[in-house]
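As a basis for the values below, the full set of heavy atoms in this structure was taken, side chains included, without hydrogen atoms, waters or symmetry mates. Throughout, a chain's letter reflects where its sequence line sits, starting with A, and its residues are numbered from 1. These numbers were taken from a predicted model, which means no experiment stands behind them.
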Amino acid sequence: MNASLPNQNQFIDLNEKQIEAVTLQNESALILAGAGSGKTKVLTSRISWLIQTNVVSPFGLIAVTFTNKAAKEMLQRITMQLPINTRGMWVGTFHGLCNRFLKTHARDADLPDTFQILDSQDQLSLIKRTMKTMNVDDETYAPKQVQHYINGCKDEGLRAAHVDTYDTHSKKLNEIYLEYEKQCQKEGLVDFGELLLRCYELFEKNVAIRQHYQDRFKHILIDEFQDTSELQYKWLKLLAGNSSFVFAVGDDDQSIYSFRGARVGNMKDMERDFHVKQIIKLEQNYRSKSNILNTANAIIDHNKNRLGKNLWTSAGEGDPIRIYTGHTDIDEAKFIVDEIKMLHREGISLNHIAILYRSNAQSRVLEHNIFSSNLPYRVYGGLRFFERAEIKHAIAYLRLIANKNDDSAFLRIVNFPTRGIGSRSLESLQDISRRDGCSLWHAAQKTSNQASAIKKGLPYFIYLIKHIENGFEGLTLPQMIDLIINESGLKDHYTNEKDGLDRVSNLNELVSAAATFLNNDNNESSNPLGDFLNYSSLESGDMQASEGADAIQLMTIHSSKGLEFDVVFISGLEEGLCPHEQSLFESKGLEEERRLMYVAVTRARSKLYLSYALSRMLHGQTRYGMPSRFLEEIPESLVKNINTISFKNNVDQIEENYSQPSQQKHTWRIGESVMHEKFGQGTVLGYEGNSDDLRIQIKFNKAGTKWLAMEYAKLFKR
DNA sequence: AAGCAGCCAATTTTT
DNA sequence: TTGGCTGCTT
């Protein structure tokens with residue numbers, strides 16, 4: 001049937017749709033790949049097929065992912081399928097690949113070849129610093145918002161000079177953006193968005209370079225296409241030119257990152273711009289039982305503007321979806337723990353069980369209850385290795401030595417560990433630097449003509465850096481890092497600190513990380529230090545502790561994307577939490593929340609539990625909620641309600657649970673019909689606040705949903 | 001320079 | 001309720 005398929009094992013277990021995708025010839029393609037439909041397999045098989053049938057050489061294609069993990073996995077699978085060395089192949093993340101382009105053409109991109117990459121933390125502190133020198137009030141212009149603004153502009157491919165501003169506020173924002181750009185350029189720093197934008201501009205302006213890569217990469221493959229930003233799409237169009245073929249794999253129903261610039265619309269645009277003949281849909285799911293898939297299908301069916309697909313499986317129905325109603329968040333957590341204990345006794349290993357939640361704040365109650373039951377667990381998220389303060393400090397020494405213009409690195413370490421350099425000496429440095437247009441490091445050298453080995457003050461700092469730099473002569477990278485953490489005083493500092501032992505061991509870990517880095521990829525690099533610095537900012541290091549341990553997995557729904565578990569608990573399914581109340585103010589916000597729910601449901605292989613609590617401690621206050629609307633979107637035939645709670649005895653339960661002595665009894669109950677003299681008839685949705693400041697949320701038939709203060713609301717029973 | 005009180009905000013976060 | 005940040009005190 002498929003004469004064009006080489007007779008190789010890796011292709012025989014593909015289904016018909018997958019084969020169709022893998023073997024497409026001479027056209028750009030959009031593959032709509034549902035959850036669990038074998039998308040990674042299709043992508044890697046496609047690459048193998050292209051190479052094996054000599055359509056293209058391993059170096060004539062480029063494959064783009066969003067995460068390092070996905071890129072790594074892709075390379076691994078290719079290695080398993082083909083007897084080729086994948087080193088040097090252009091497979092990587094958008095950021096990693098753009099970095100590679102920029103490193104190769106640093107001069108053409110107007111960057112020093114020592115340029116450093118800023119992670120989000122670094123970016124924020126540079127923004128704060130810029131705002132300070134501009135005397136911008138950080139109350140009116142919150143640095144976080146400025147960061148969001150700048151990143152948003154870059155995601156759209158906009159330079160500060162190209163933004164149209166109308167009001168004073170946006171004008172100011174843009175001024176900061178402009179100044180920030182200048183400062184980055186001066187220090188030789190590039191943030192994540194800049195990597196992409198700079199690379200885009202390089203292709204745009206430099207015809208020769210663009211042509212070169214257009215000719216070279218005849219096949220461009222993209223994973224998670226629904227998450228691409230406007231800029232990434234423009235970059236793709238530019239790189240593809242008129243003669244390359246794009247193979248994009250994505251799922252519009254799993255687009256959950258619009259708040260970070262992801263633009264689902266790219267899928268429809270691609271269909272048009274790349275003359276996609278027909279979208280290929282992968283709808284057979286190899287992960288979940290049909291009850292789970294039908295639940296997912298039913299929920300997502302409530303969204304409009306989908307490309308449209310329906311997952312199916314031949315795996316059988318499996319268990320019904322179990323729904324649990326908790327009186328409180330504590331009650332909910334206890335149920336989940338009990339259930340996990342039972343499953344564990346039945347032989348399901350803990351790391352195949354996940355508890356998902358909408359927001360990180362929800363993990364606390366869960367953790368607390370799991371902890372007291374003595375079950376091992378692991379929480380995803382939080383600080384990663386290269387984001388830890390002690391690691392960033394050590395890296396900053398490396399950065400400053402590699403690039404003396406890096407004021408960001410300078411400021412981070414000039415007085416850390418403290419060596420008596422106060423704010424006034426720093427201010428005078430900033431003055432000199434501004435006056436002479438030089439870096440802080442050079443300004444520092446002007447103030448004190450001689451370096452001093454006496455262990456304090458600026459002269460000592462200058463001495464120290466030079467001393468370390470001289471000591472680097474003939475050392476390997478791990479030895480350099482070892483030298484830094486000892487000579488800088490970092491190790492001593494943390495050794496003497498009361499809870500510093502973890503930090504010391506992290507610093508030691510950094511030495512081994514450098515050794516591993518050399519062993520793995522870069523033993524023949526001409527600039528291992530620079531490469532390691534890049535690596536540290538692009539690869540935030542997901543070396544989370546106890547990776548292999550058998551532990552319950554706790555994470556947000558967002559971070560569960562791409563993973564799968566035998567058993568999944570989705571907790572906190574209340575109106576206001578999931579869908580999150582903030583999302584209701586955003587355009588298309590509810591649809592994205594629904595996609596989030598879809599992603600969560602499709603993580604489960606065989607058992608799915610959904611739970612919600614009628615009251616929950618949030619921001620230090622008890623909040624009363626209604627079940628999430630998503631629960632009502634599931635056909636009852638798929639569901640088994642584990643318990644039922646009447647609203648009346650719930651109020652008593654809540655009081656027992658939180659033991660609040662003098663909670664004012666309110667007359668209105670959730671779900672009850674009420675009459676308001678102005679707004680007319682409505683239904684009570686929930687409460688918020690405590691007895692002296694209780695507010696009631698009512699959905700009015702005509703006037704919409706409103707929050708009213710109990711004290712003043714003129715309500716009547718119907 | 002470290003330690004503490006007071007204030008404020010509080011979805012989601014692949015790079 | 002919690003964490004992060006600021007600004008004040010020692």
May I ask you to say what [X] touches in the nucleic acid, namely base, sugar-phosphate or nothing, with a heavy-atom cut-off under 4.0 Å?
X        : value
A/Thr65  : nothing
A/Gly420 : sugar-phosphate
A/Ser537 : nothing

What's the [atom1]-[atom2] distance between [X] and [N], to the nearest Å?
X        : N      : atom1 : atom2 : answer
A/Trp235 : B/dT15 : CH2   : P     : 16 Å
A/Phe94  : B/dT13 : CZ    : P     : 21 Å
A/Glu139 : B/dA9  : CD    : C1'   : 12 Å

Taking [X] for the side chain and [Y] for the main chain, is one N or O donor matched with an acceptor at less than 3.5 Å?
X        : Y        : value
A/Asn403 : A/Glu187 : yes
A/Glu539 : A/Ser536 : no
A/Gln183 : A/Thr130 : no
A/Ser425 : A/Ile421 : no
A/Arg399 : A/Asp406 : no

### Task
May I ask you to check whether A/Gln123 and A/Gln147 show a side-chain donor-acceptor distance below 3.5 Å?
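Result is yes, a qualifying pair exists.
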May I ask you to verify if any side-chain N or O of [X] is less than 4.0 angstrom from the OP1 or OP2 atom of [N]?
X        : N      : value
A/Asn360 : B/dT13 : yes
A/Arg419 : B/dA1  : no
A/Thr556 : B/dT11 : no
A/Arg384 : B/dT15 : yes

### Query
What integer number of Å spans the P atoms of B/dT12 and C/dC5?
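Roughly 16 Å separates the two P atoms.
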### Task
Mark this stacking check for A/His95 against B/dT15 as yes or no, applying ring centres under 5.5 Å and ring planes under 30°.
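So no, this residue does not stack on that base, at least one cut-off failing.
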### Query
Within the stacking criterion (centroid distance below 5.5 Å, interplanar angle below 30°), does A/Phe259 stack on B/dT12?
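Stacking is present between B/dT12 and A/Phe259, given that their ring centres fall under 5.5 Å apart and the planes under 30°.
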### Message
With a 4.5 Å cut-off on side-chain heavy atoms, are A/Cys98 and A/Trp235 touching?
### Response
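The answer is yes; the side chains approach within 4.5 Å.
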### Query
What are the 5'-most and 3'-most nucleotides of DNA chain C lying under 4.0 Å from any heavy atom of chain A?
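Using the under 4.0 Å cut-off, the span is C/dT1 to C/dG3.
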